Enquirer: 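One structure follows; several queries about it will come next.
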Amino acid sequence: MKIFLDTANLEAIKKYNDMGLVDGVTTNPTLLSKEKGNPAEIMRQITKIVKGPVSLEVVGTSTEEMLDEAHRLKKYGQNVVVKIPMTADGLKAVKKLKQDGIETNVTLIFSANQATLAAKAGASYVSPFIGRLDDAGQDGMSLIREIVQIFRNYQFSAKVLVASVRHPLHVVDAGKIGADVVTLPPDILGKMILHPLTDKGLTAFLNDWEKVKKENPNLSI
Ligand code: E4P
């Protein structure tokens, strides 16, 4: 399973990229609105920091606007994947962009049928938003199960990118189902590194080593 970071925060991207944990990045207008600085410049920087796919979202709503923006965004970096909303105009743009050799990530997917249509239109990634479904009283992870099963049944090449992830257990469940990618807010990736028994175990090892050093003053490793 690939791990993408769901953020436009350059510091967080650099931090986790330096640990080798970032296979790609997803952004959206809301995430960019939280950062200081020129959004276009931030997007360009992200494509340089990260080797893997970087999803940059269009804001136009007609097919024509989306196509114009997509071609401009693609110039930000070779690894740009254009994020297109799950609308009729969006699907038309996805088909055309595939013909133009531009990869797309269809966003705001809330049903298995929407995911199927996005895959058929030619999307490289489909992004079901599981946290927002959970918030609305539906089981977001069931949607991932359905989409993964349908895509396997028909060998669709589109990758299932689990979005709107809210906690580390979502990541475990997505992995068990066999989703291709999870995109994570940086704080969730941070939580995945930690376990209280790791901290407790390390403290005990270091304390015991202090005792060994007292008995062997010239010891070095
Ligand atoms: C996905 O690509 C979106 O950027 C994101 O996961 C949305 O998550 P949210 O529901 O936390 O806004």
Side-chain angles (χ1 to χ4, degrees), residues 1-28 30-37 41-56 77-79 81 105 125 127-135 139-145 147-148 152 159-221:
M1 183 170 59
K2 301 238 185 253
I3 292 180
F4 289 3
L5 266 190
D6 196 25
T7 186
N9 185 278
L10 296 176
E11 271 179 34
I13 293 169
K14 281 181 202 149
K15 173 179 167 181
Y16 291 111
N17 195 49
D18 285 348
M19 295 181 202
L21 301 179
V22 181
D23 295 313
V25 169
T26 53
T27 64
N28 65 38
T30 304
L31 292 171
L32 281 159
S33 75
K34 293 178 183 164
E35 304 302 323
K36 289 205 172 74
E41 191 45 40
I42 292 172
M43 289 191 275
R44 278 198 193 90
Q45 293 265 349
I46 297 172
T47 66
K48 286 184 180 59
I49 299 166
V50 176
K51 284 217 174 77
V54 175
S55 287
L56 305 180
Q78 264 316 300
N79 49 351
V81 171
N105 169 3
Y125 298 89
S127 289
F129 278 33
I130 60 168
R132 293 193 196 185
L133 280 171
D134 289 354
D135 293 345
D139 179 12
M141 204 50 76
S142 300
L143 175 60
I144 302 303
R145 221 168 274 118
I147 298 172
V148 167
R152 277 194 193 137
K159 296 198 176 349
V160 180
L161 192 164
V162 180
S164 187
V165 170
R166 297 271 197 265
H167 50 72
L169 199 52
H170 271 154
V171 183
V172 177
D173 289 337
K176 281 156 71 177
I177 292 167
D180 300 288
V181 189
V182 284
T183 189
L184 308 178
D187 67 308
I188 294 181
L189 188 51
K191 283 181 189 169
M192 286 166 61
I193 295 171
L194 305 172
H195 196 287
L197 288 178
T198 305
D199 296 340
K200 192 178 167 195
L202 183 58
T203 303
F205 285 156
L206 295 178
N207 287 341
D208 290 340
W209 191 247
E210 285 306 313
K211 290 178 208 155
V212 172
K213 274 183 6 195
K214 267 188 196 138
E215 283 158 25
N216 303 274
N218 297 324
L219 179 70
S220 72
I221 58 167

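Just so it is clear, the values below take in all heavy atoms, side chains as well, and ignore hydrogens, waters and symmetry mates. The structure displayed is predicted, hence computed values, not measured ones. Residue indices begin at 1 and follow the sequence shown.
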Enquirer: Determine whether a donor-acceptor pair (N or O, by modelled atom type, separation under 3.5 Å) exists between the side chain of N79 and the backbone of V54.
Expert: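 Checked: no pair found.
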Enquirer: For T47 versus L56, what's the shortest heavy-atom pair and its separation?
Expert: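 Shortest heavy-atom separation between T47 and L56 comes out as CG2-CD1, 4.4 Å.
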Enquirer: Identify the two heavy atoms, one from G140 and one from D134, that lie closest to each other, and give their separation to 0.1 Å.
Expert: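 It is N-OD1, 2.7 Å.
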Enquirer: In chain order, what residues pass the side-chain contact (heavy atoms from CB on, under 4.5 Å) check against R152, with sequence neighbours excluded?
Expert: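 Scan of R152 (side-chain contact (heavy atoms from CB on, under 4.5 Å), adjacent residues dropped) gives V148.
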Enquirer: Mind listing the side-chain donor-acceptor pairs of residues 213-221 below 3.5 Å, one per line with the distance, residues two or more places apart or on another chain?
Expert:
| from | atom 1 | to | atom 2 | distance (Å) |
| --- | --- | --- | --- | --- |
| K213 | NZ | E210 | OE2 | 3.3 |
| N216 | ND2 | V212 | O | 2.8 |

Enquirer: Could you report the tightest heavy-atom contact between K36 and I42, atom names first, then the distance?
Expert: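 For K36 and I42, the tightest heavy-atom pair comes out as O-CD1, 3.5 Å.
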Enquirer: Show the atom names and distances, to 0.1 Å, of all donor-acceptor pairs under 3.5 Å that link a side chain in residues 8-25 to residues at least two apart or in another chain.
Expert:
| from | atom 1 | to | atom 2 | distance (Å) |
| --- | --- | --- | --- | --- |
| N9 | OD1 | E11 | N | 3.2 |
| N9 | OD1 | A12 | N | 2.8 |
| N9 | ND2 | E35 | OE1 | 3.1 |
| N17 | ND2 | I49 | O | 3.1 |
| D23 | OD2 | I3 | N | 2.8 |

Enquirer: Please report the closest heavy-atom contact between A179 and V162, naming both atoms and the distance.
Expert: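 Looking at all heavy atoms of both residues, the shortest contact is CB-CG2, 3.5 Å.
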Enquirer: Please collect all ring pair (Phe, Tyr, Trp, His ring centres under 6.0 Å) contacts where either partner lies in residues 163-206, sequence neighbours excluded, each pair once.
Expert: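 For residues 163-206: H167-H170.
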Enquirer: Can you measure from OG (S142) to CD1 (I147) and round to the nearest 0.5 angstrom?
Expert: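 Between S142 OG and I147 CD1, I get 11.0 Å after rounding to 0.5 Å.
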Enquirer: I'd like to know if the side chain of S127 reaches the main chain of A163, judged simply by a donor and an acceptor atom lying under 3.5 Å from each other, with no hydrogens or angles considered.
Expert: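 Side chain of S127 to backbone of A163, a donor-acceptor pair under 3.5 Å: no, none is there.
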Enquirer: Which heavy atom of S164 sits nearest a heavy atom of R132, and at what distance?
Expert: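 For S164 and R132, the tightest heavy-atom pair comes out as OG-N, 3.1 Å.
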Enquirer: Do P185 and T7 touch side chain to side chain, with heavy atoms closer than 4.5 Å?
Expert: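 No - every pair of side-chain heavy atoms lies 4.5 Å or more apart.
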Enquirer: State which residues pass side-chain contact (heavy atoms from CB on, under 4.5 Å) with K51; sequence neighbours excluded, sorted by chain then number.
Expert: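 If we apply the side-chain contact (heavy atoms from CB on, under 4.5 Å) test to K51, skipping adjacent residues, there are no hits.
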Enquirer: Could you list all the salt bridge (Lys or Arg N to Asp or Glu O under 4.0 Å) pairs where at least one residue sits in residues 198-209, not counting sequence neighbours?
Expert: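 For residues 198-209: D208-K211.
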Enquirer: Between D180 and L161, is there a donor-acceptor pair closer than 3.5 Å when you use the side chain of the first and the backbone of the second?
Expert: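 A pair under 3.5 Å: no.
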Enquirer: Tell me, please, which residues at least two apart from D173 pass side-chain contact (heavy atoms from CB on, under 4.5 Å).
Expert: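 Once residues adjacent in sequence are excluded, the partners of D173 under the side-chain contact (heavy atoms from CB on, under 4.5 Å) criterion are M141, L169, K176.
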Enquirer: Just to verify, what does T26 make a side chain to side chain donor-acceptor pair (under 3.5 Å) with, not counting sequence neighbours?
Expert: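 Scan of T26 (side chain to side chain donor-acceptor pair (under 3.5 Å), adjacent residues dropped) gives D6, T183.
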Enquirer: Which residue pairs pass the salt bridge (Lys or Arg N to Asp or Glu O under 4.0 Å) test when at least one of the two sits in residues 160-171, sequence neighbours left out?
Expert: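 Sorted pair list: D135-R166.
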Enquirer: Not counting sequence neighbours, which residues clear side chain to side chain donor-acceptor pair (under 3.5 Å) with D187? List them please.
Expert: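 Scan of D187 (side chain to side chain donor-acceptor pair (under 3.5 Å), adjacent residues dropped) gives none.
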Enquirer: So, do Y125 and P53 sit near enough that their side-chain heavy atoms are less than 4.5 Å apart?
Expert: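 Yes, at least one pair of side-chain atoms sits under 4.5 Å.
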